[in-house]
Enquirer: 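Before we start, here is the structure in question, set down as structure tokens.
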There are 2 protein chains.
Amino acid sequence: MKQLPLFLFERCRITLRLNLAKLCLFLSGMYEVFFKKINEVIHLTADEEAIFKNYLKPKKLRKKQFILQEGDVCKYSIFVEKGLLRSYSVNEKGNDQVVQFALEGWWIADLYSFITGEPSRYNIDALEDCELLLINNDGLKEVRRQIPKFLEFSFLQMQNAYIALERRWSHMVTLSTEERYNKLLDKYPDIVQRVPQHMIASYLGLTPETLSRAKKQMTLPK
Amino acid sequence: MKQLPLFLFERCRITLRLNLAKLCLFLSGMYEVFFKKINEVIHLTADEEAIFKNYLKPKKLRKKQFILQEGDVCKYSIFVEKGLLRSYSVNEKGNDQVVQFALEGWWIADLYSFITGEPSRYNIDALEDCELLLINNDGLKEVRRQIPKFLEFSFLQMQNAYIALERRWSHMVTLSTEERYNKLLDKYPDIVQRVPQHMIASYLGLTPETLSRAKKQMTLPK
DNA sequence: AAATACCGTTGATAAATATCAATGGTGTCG
DNA sequence: CGACACCATTGATATTTATCAACGGTATTT
């Protein structure tokens, strides 16, 4: 067997060392928000965190890339370590209907498709470059089995999600356009700042024109 | 001590026997739907059902009576054995906004108030004479602790509730007035039949007049 | 650097729905 | 039995919001 020239080998070593350093940095930061969030509610030991990591799949997503497209099955529940995503459906007129945004520390998925395995009617794409953690349903079930505390966490999380959605519903029905916008601005200023206004409008159930005019009304009135 | 006349004692015995019979009948029927519903998902042993019954409080409610009023804390999660309830809020114009209906086998509460102990912004009243089972939050926690299977049940139930609400949201945003009404008619014909139309309208986010006209449109067109 | 896509704003008009008011029917209760 | 509460329907009108079209600014791509 022919021997490789030494300089090539040397280059490999250097490259390897550099990538290793990057990998360490990458891994240490990759789960930071994730476990911070969970540990706000239950306390996981280092061992338990290790179990968890077995089922988590890190993924980076560039702005405008899809992680779920209409017609596909939603195989993963997505945790946002960094960045910003949105889920939306496209109605018969071809307009986007934004369902949800997801910032750092939030989860996003089409739960119905995720649970049933039916094709999704939603799209999920990145509004900014993202770092995500993916876990599939079997993974979640396995973690809940191995770490019973996590079932408790899942229940509480789902309960909170339900309550939040119910409140959003009540605001949608009760509040005027302007009040709804202000509510969002008040509660999630980050979203309003980082998301194009026409997507905010869609999220609030308005056309871009209507939101633009409503904002104008709010500045000058009296 | 003066002795009571015998005939009085005799009358007591008869009354007692009658009431006992009624009580037995009452108790056997009282939890029927409840455990049937739960056992569709998990299986409870007789012992476990007995534990459960310790924390359940049967209650009958007459048509038009309230079980929760705006400003009160929602102390109970309510299971409907029989009858029909609705939750609603009253907006600043004094109109009712129906949030939810609950038929036999369903749960109803203001979850936010129930969990946090904050005063509720909703009313819950009976649209028909009802038989209910009430359980407070400590009771639920205790049952989840003593019967871990029930935590699993709670998680799944909450997950389903979330998915259902999400779908309702998507229908509200996507579908036309008529499609929404048909969806409800298709999915819950019982509700449409048993509830006055103006409450259906409110549930769908419409005025009674608009729903009336929409129905008319649906019969004659073409 | 030029071309292009994306975005927010504004105006004119159309459509959907709410609001106000009146009517008649039905059931309930004293 | 009659008075009253409750309810669905219909008409006329007002309000809200969507739709269509055009413009100018900014960022992105080539």
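Chain A is the first sequence line, chain B the second, and so forth, proteins listed ahead of strands; every chain is numbered from 1.
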Enquirer: Just to verify, what does A/E49 make a side chain to side chain donor-acceptor pair (under 3.5 Å) with, not counting sequence neighbours?
Expert: A/N39

Enquirer: Atom CG of B/N91 and atom P of C/dA18: how far apart are they, to the nearest Å?
Expert: 12 Å

Enquirer: Tell me whether the centres of the aromatic rings in B/F52 and B/F34 are closer together than 6.0 Å.
Expert: yes

Enquirer: What's the NZ-P distance between A/K93 and C/dA14, to the nearest Å?
Expert: 17 Å

Enquirer: Taking salt bridge (Lys or Arg N to Asp or Glu O under 4.0 Å) as the definition, give me every residue that meets it alongside A/E104, ordered by chain and number, with sequence neighbours left out.
Expert: A/R194

Enquirer: Starting at CE of A/M172 and ending at C1' of D/dT17, how long is that distance when rounded to a whole Å?
Expert: 13 Å

Enquirer: Among all residues two or more places apart in sequence or in another chain, which pass the side chain to side chain donor-acceptor pair (under 3.5 Å) test with A/E178?
Expert: none

Enquirer: Under 3.5 Å, which donor-acceptor pairs do the side chains of residues 62-74 of chain A form with other protein atoms, sequence neighbours left out?
Expert:
{"from": "A/Q65", "atom 1": "OE1", "to": "A/R62", "atom 2": "N", "distance (Å)": "2.8"}

Enquirer: Just report the end-to-end axis angle for the helix from C/dA1-D/dT30 to C/dG30-D/dC1, five pairs per end, to 10 degrees.
Expert: 40°

Enquirer: Suppose we screen for ring pair (Phe, Tyr, Trp, His ring centres under 6.0 Å). Which residues come up paired with A/W106, at least two apart in sequence or across chains?
Expert: A/Y188

Enquirer: Taking atom P of C/dA16 as reference, at what distance in whole Å does atom CG of B/L175 sit?
Expert: 16 Å

Enquirer: How does protein contact run along nucleotides 6-16 of chain D, one letter per nucleotide 5' to 3', with B for base contact, S for sugar-phosphate only, - for none, heavy atoms under 4.0 Å?
Expert: -SSSBBB----

Enquirer: Indicate every side-chain donor-acceptor pair of residues 93-103 of chain A with a distance under 3.5 Å to a residue at least two apart or in another chain.
Expert:
{"from": "A/D96", "atom 1": "OD2", "to": "A/R86", "atom 2": "NH2", "distance (Å)": "3.0"}
{"from": "A/Q97", "atom 1": "OE1", "to": "A/N91", "atom 2": "ND2", "distance (Å)": "2.9"}
{"from": "A/Q100", "atom 1": "NE2", "to": "A/W107", "atom 2": "O", "distance (Å)": "3.4"}

Enquirer: With sequence neighbours excluded, tell me which residues meet side chain to side chain donor-acceptor pair (under 3.5 Å) with B/K57.
Expert: B/Y76

Enquirer: Scan nucleotides 23-30 of chain C nucleotide by nucleotide, 5' to 3', and note B when protein non-hydrogen atoms come under 4.0 Å of the base, S if they reach only the sugar-phosphate, - if neither.
Expert: --------

Enquirer: Does B/L175 have any side-chain contact (heavy atoms from CB on, under 4.5 Å) partners at least two apart in sequence or in another chain, and if so, which?
Expert: B/H171, B/E179, B/R180, B/K183

Enquirer: Provide, to the nearest angstrom, the distance between the CZ atom belonging to A/R62 and the P atom belonging to D/dT29.
Expert: 11 Å

Enquirer: Using ring pair (Phe, Tyr, Trp, His ring centres under 6.0 Å) as the criterion, list what pairs up with A/F153, not counting sequence neighbours.
Expert: A/F150

Enquirer: With side chains defined as the heavy atoms from C-beta onward, is the minimum distance between A/L204 and A/T177 less than 4.5 Å?
Expert: no

Enquirer: Rounding to a whole Å, what distance do you find between A/L127:CG and D/dA27:C1'?
Expert: 16 Å

